[in-house]
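Quick note: residue numbers are just sequence positions, from 1.
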Amino acid sequence: MPRLDVIFAEVTEKNVEQLRLMNTRIFPVRYNDQFYKDVYKNIKLAQFALYNDTPVGAVGARVEAPEGSTTGEQTQLYIMTLGVLEPYRRCGVATQMLEYILDLVKTDAEFKELLTVVLHVQTNNDSALAFYKQHGFEITGHKENYYQKLEPSDCHILTYVIDRTAPDDGERKAGEANGYGTVAVDLAAEQAT
């Protein structure tokens, strides 16, 4: 399929129900009310992907302390969801949403302290694993029984290392080590481009 160029629109309190409906069509997981209250706390990190003014995908992320952190310092971006409606998959929409998030954490001063981006992918979701690996993510962990109502219930933790030392000239390689740590993202079962 040809690449579809999308534009981004903020998820807000006024349109969050549209996100809820979209997520029920994309993901096998049902997110609770608290998820939808938290998703638009930072509108830069909660975006619809629009094609011809129609929402075809969405991404939601939050800044948090890494798991096991003793300082509580919020140095990681966690991608809660990133998904595209079935008819628009394999058209570059997921790539554009992922690039939006990664560019944001690399260039926006609000996120300059972030060290990592984290995501979870169900262990049998080969297309999502391939998608993230293609974009420089690596499997850095495994969680048993992460998904309570899915089979298999286990997930992989994927991590992307942001190189903040190289010039942003398009030649930087995703996943190169930089001394800042790891960026990890939680992405649900997105059917890759």
Side-chain angles (χ1 to χ4, degrees), residues 11-13 15-43 45-49 55-90 93-94 97-98 101-102 105 114-160 181-193:
V11 175
T12 66
E13 186 175 4
N15 64 16
V16 73
E17 288 304 314
Q18 190 171 8
L19 177 65
R20 184 188 304 262
L21 180 61
M22 180 179 285
N23 282 350
T24 61
R25 295 183 64 198
I26 296 173
F27 302 113
V29 174
R30 296 298 166 248
Y31 297 95
N32 62 30
D33 290 338
Q34 191 60 49
F35 170 89
Y36 292 102
K37 290 177 184 173
D38 292 343
V39 75
Y40 55 83
K41 283 186 176 177
N42 184 325
I43 57 176
L45 298 175
Q47 298 283 314
F48 285 110
V56 299
V59 60
R62 68 177 178 239
V63 174
E64 65 182 19
E67 189 173 319
S69 170
T70 57
T71 66
E73 201 172 343
Q74 297 189 333
T75 59
Q76 141 179 313
L77 183 75
Y78 176 72
I79 297 179
M80 300 180 290
T81 59
L82 185 150
V84 178
L85 293 171
E86 182 73 36
Y88 301 94
R89 293 179 184 162
R90 303 195 186 287
V93 176
M97 289 191 298
L98 184 57
I101 289 293
L102 294 177
V105 298
L114 293 182
L115 303 177
T116 60
V117 178
V118 179
L119 69 102
H120 298 98
V121 173
Q122 193 175 12
T123 55
N124 68 338
N125 192 339
D126 295 334
S127 61
L129 289 168
F131 171 76
Y132 293 114
K133 286 180 179 181
Q134 176 186 0
H135 292 292
F137 287 81
E138 294 180 13
I139 295 174
T140 56
H142 180 86
K143 285 190 174 189
E144 293 183 6
N145 301 313
Y146 181 75
Y147 297 105
Q148 296 174 2
K149 296 180 181 179
L150 297 180
E151 196 56 46
S153 61
D154 297 354
C155 74
H156 293 298
I157 301 168
L158 288 113
T159 299
Y160 178 88
T182 306
V183 178
V185 183
D186 178 318
L187 302 170
E190 208 304 77
Q191 298 298 315
T193 57

- Query: Is Ile139 close to Leu129 at the side-chain level, that is, under 4.5 Å between some pair of heavy atoms?
  - Reply: yes
- With side chains defined as the heavy atoms from C-beta onward, is the minimum distance between Leu19 and Tyr40 less than 4.5 Å? no
- Message: Quick check: do Leu77 and Leu45 have side-chain heavy atoms less than 4.5 Å from each other?
- Response: yes
- Item | Distance (rounded to the nearest 0.5 Å) between Phe35 CZ and Arg30 CZ | 12.0 Å
- Item | Heavy-atom pair of closest approach, residues Gln74 and Leu114 | O-CD2, 4.0 Å
- Query: Angle class for the Tyr160/Phe137 ring planes (parallel below 30°, perpendicular above 60°, tilted otherwise)?
  - Reply: tilted
Report, one line per pair, each donor and acceptor closer than 3.5 Å where one atom sits in a side chain of residues 21-28; sequence neighbours left out.
from  : atom 1 : to    : atom 2 : distance (Å)
Asn23 : ND2    : Tyr36 : OH     : 3.2
Thr24 : OG1    : Leu21 : O      : 2.6

- Look up atom CD in Glu138 and atom NZ in Lys133, then write down how far apart they are to the nearest 0.5 Å. 9.5 Å
- Query: What is the minimum heavy-atom distance between Asp154 and Glu144, and which atoms define it?
  - Reply: OD1-CA, 3.2 Å
- Note on the structure: Applying side chain to side chain donor-acceptor pair (under 3.5 Å) to Lys41 and not counting sequence neighbours gives Asp38
- With a 4.5 Å heavy-atom cut-off, do Leu98 and Tyr132 have their side chains touching? yes
- Shortest non-hydrogen contact from Ala65 to Gln76? O-NE2, 4.1 Å
- Between the side chains of Ser127 and Asn125, does any donor sit under 3.5 Å from an acceptor? yes
- Task: Determine whether Val11 and Val39 make a side-chain contact, defined as any pair of heavy atoms from C-beta on separated by less than 4.5 Å.
- Result: yes
- For Ala49 against Met97, the heavy-atom pair lying closest together: CB-SD, 3.8 Å
- Query: What is the minimum heavy-atom distance between Gln122 and Pro152, and which atoms define it?
  - Reply: NE2-O, 2.7 Å
- Task: State which residues pass ring-ring contact (aromatic ring centres under 6.0 Å, His included) with Phe48; sequence neighbours excluded, sorted by chain then number.
- Result: none
- Note on the structure: What one should report as the nearest heavy-atom pair of Leu82 and Ala94 is CD2-CB, 4.0 Å
- Task: Go through the structure and list residues passing side chain to side chain donor-acceptor pair (under 3.5 Å) with Glu17, not counting sequence neighbours.
- Result: Arg20
- Message: Nearest 0.5 angstrom please: Cys155 SG to Asn124 CG, how far?
- Response: 11.5 Å
- For atom CD of Glu13, decide whether the heavy atoms of other residues, nucleotides or ligands shown that lie under 6.0 angstrom number more than 12. no
- Can you tell me how far NE2 of His156 sits from OH of Tyr146, rounded to the nearest 0.5 angstrom? 13.5 Å
- With sequence neighbours excluded, what pairs up with Thr70 under the side chain to side chain donor-acceptor pair (under 3.5 Å) test? none
- Item | Val63/Asn42 under side-chain contact (heavy atoms from CB on, under 4.5 Å): CA gap, chis, key distance, verdict | CA-CA 9 Å; Val63 174; Asn42 184 325; 5.6 Å; no
- Task: Check side chain to side chain donor-acceptor pair (under 3.5 Å) between Glu67 and all other residues, then give those that pass, not counting sequence neighbours.
- Result: Lys143
